[in-house]
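Quick notes on the structure that follows.
Only this structure's heavy atoms are used, side chains among them; waters, hydrogens and symmetry mates stay out. Numbers restart at 1 for each chain; the letters A, B, ... are given by sequence-line order, proteins then strands.
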There are 2 protein chains.
Amino acid sequence: MKHLPHKTIARLSQYRRALLLCLAKGKTHIFSHEIAKIQHITAVQVRRDIMLIGYTGTLRKGYNVKELIDLIGNIIDSEKRIDVCVVGTGNLGKAIINYFKGRRTKLTITAGFDIDPKKIGKKITGVPIYNVADIKKIIQEKNIRIGVMTVPGEQTTEICDMLVDAGIKGILNFTPKPVNVPHGVFLEEYDMITSLEKVAFFVKTQNEL
Amino acid sequence: MKHLPHKTIARLSQYRRALLLCLAKGKTHIFSHEIAKIQHITAVQVRRDIMLIGYTGTLRKGYNVKELIDLIGNIIDSEKRIDVCVVGTGNLGKAIINYFKGRRTKLTITAGFDIDPKKIGKKITGVPIYNVADIKKIIQEKNIRIGVMTVPGEQTTEICDMLVDAGIKGILNFTPKPVNVPHGVFLEEYDMITSLEKVAFFVKTQNEL
DNA sequence: AGGCTATTGTTAAAATAATAACAATGCAAA
DNA sequence: TTTGCATTGTTATTATTTTAACAATAGCCT
Ligand SMILES: NC(=O)c1ccc[n+]([C@@H]2O[C@H](COP(=O)([O-])OP(=O)(O)OC[C@H]3O[C@@H](n4cnc5c(N)ncnc54)[C@H](O)[C@@H]3O)[C@@H](O)[C@H]2O)c1
Ligand SMILES: NC(=O)c1ccc[n+]([C@@H]2O[C@H](COP(=O)([O-])OP(=O)(O)OC[C@H]3O[C@@H](n4cnc5c(N)ncnc54)[C@H](O)[C@@H]3O)[C@@H](O)[C@H]2O)c1
């Protein structure tokens, strides 16, 4: 496989989640247009993505759900579990930790960090919350490779530097403050306001037609 | 202006947020490469986006921060305020309501909905929480146009249908369950797991090099 | 059995997005 | 004043992503 487009990676992750639901319902095979329907994309795109990872379905029966799930896993998952930490266990951090709890994935949140003494030492659905002062030590001890940032905007830069210093390899930044990371660290940023403003733009545009 | 790419819309929204921070710091002009640095993109792309909206900077001085903010506002904002509601005021819903509080934007969260009697009737940073049973009535009374869904996955489809029925024009779905909306309703879905798996994929890939 | 049809896999084309290239120019410094 | 140069605006090029087109064929129906 020479190279998978970013977009394909993102879609494969989504296909897998849809497929897992199908599997749970006892469905053994699925057509490209069924996957497409769930994800609001076209069947062609689904087939193309699946082609890119080298999987082949059965004509008139579609794709074997189980096999496809496993193959996607081989592509996007790491062999070993990847440990993830969440820095800032407020509303958003808590929601994220909860959300991950119990999901079948190679990604596991194994630590939370906070500065608030009321939170340090507690657990959130089983995940221990540590003092952010110990961040480097814990990250290295637990071999945590990915950090999710959900601290207040003002702390973002500082926390990001601490994560990089501790040897983190990927950062997912949910704070409103964009950050810079050195080469070799993968950065993904998401800002809800951008999404909402996009929705609003199209709502407005449509109204003007 | 014939047509703005989706990606440009999203970036304009981000430029504005960066610009607002600059304005707050008393900066009156900004160069394309400064904006680019903040957003981790290239200066060319910034200039191109700005060109697309028909704004012109001053050579050697850059862009007038205030003017650019206003112009972006003209493009992406609605004339009038657009009201937004959040359905499901748990951890994530609460985080979102908080996040929006006090931001200068034409988008305002004016209602939350929940099914939990302990939450109904309360306020979250000033936003009243209503009984989800009254959703249609309140949405129409308040002329709410956009709905954010942060309910548990199992309720997603039902809530989505209720929002559409109430006349909502745009939906931002944060639950793990993809939904279908009729033509004329703009849908945006975001799933954190996709983002995290993407980060993990690149962390893994880089490791294998 | 034989034709029909839904579906896959893949190539080709189109659309969208990002980057490069560079002329124009106005400010700063010599 | 003149030169140098940083910066914009814009066109051209390249890369990426999506969509279309269609041949191949497994299974269904008659
Ligand atoms: N990107 C998005 O879509 C989005 C949506 C909502 C909120 N947010 C942002 O996410 C962040 C968190 O939001 P929230 O609602 O959970 O806020 P919150 O105040 O509930 O949580 C912040 C947490 O960070 C902790 N904290 C503060 N300083 C710290 C430090 N130096 N080290 C470690 N922990 C520290 C606090 O104790 C608190 O627990 C904010 O920046 C908010 O703007 C982003
Ligand atoms: N997409 C993401 O990035 C992301 C991240 C974290 C969580 N989530 C998802 O967001 C959702 C909310 O997460 P959370 O951590 O806030 O959960 P939560 O349990 O804290 O909140 C859910 C809220 O919805 C309310 N609710 C339940 N049924 C309802 C109904 N029929 N009508 C109205 N309200 C109802 C509950 O009372 C509760 O207040 C979940 O689906 C979760 O999986 C998504």
- Query: Once each nucleotide of nucleotides 19-30 of chain C is scored for protein heavy atoms under 4.0 Å, what B/S/- sequence comes out, 5' to 3'?
  - Reply: BB----BBB---

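- The side chain of A/T56 places an N or O atom within less than 4.0 Å of a non-bridging phosphate oxygen (OP1 or OP2) of C/dG9.
- The distance from atom NE2 of B/H33 to atom P of D/dT7 is 5 Å, rounded to the nearest whole Å.
- Nucleotide D/dG27 holds its C1' atom 13 Å from the NE2 atom of A/H29, rounded to whole Å.
- In this structure, a donor-acceptor pair under 3.5 Å is present between the side chains of A/Y190 and A/S195.
- Remark: P of D/dT8 and CZ of B/F31 are 6 Å apart, rounded to the nearest angstrom.
- When rounded to the nearest whole Å, the span between NZ of B/K7 and C1' of D/dT18 equals 12 Å.
- Scanning for salt bridge (charged side-chain N to carboxylate O under 4.0 Å, His left out) contacts around A/R47 gives an empty result, with sequence neighbours left out.
- Side-chain polar atoms of B/D191 and A/Y99 form a donor-acceptor pair below 3.5 angstrom.
- Between A/H40 atom NE2 and D/dT18 atom P the separation is 15 Å, expressed in whole Å.
- A donor-acceptor pair is defined here as one N or O able to donate and one able to accept, closer than 3.5 Å; such a pair exists between the side chain of A/R17 and the backbone of B/P176.
- Rounded to whole angstrom, the span from the CG atom of A/L52 across to the P atom of D/dT18 amounts to 11 Å.
- B/I9 places its CD1 atom 14 Å from the C1' atom of C/dA17, with the value rounded to the nearest Å.
- When heavy atoms are screened at a 4.0 angstrom cut-off, A/T8 is found touching no nucleic acid atom at all.
- Between the side chain of B/Q155 and the backbone N or O of B/T150, no donor-acceptor pair lies under 3.5 Å.
- Side-chain atoms of A/R11 lie closest to D/dT18 of the nucleotides D/dT18, D/dT17, C/dT8.
- Residues passing the salt bridge (charged side-chain N to carboxylate O under 4.0 Å, His left out) test with A/D83 are A/R81, sequence neighbours excluded.
- Between the side chains of B/Q39 and B/Y15, no donor N or O sits under 3.5 Å from an acceptor N or O.
- Rounded to an integer number of Å, the gap from B/I35 CD1 to D/dT8 C1' is 12 Å.
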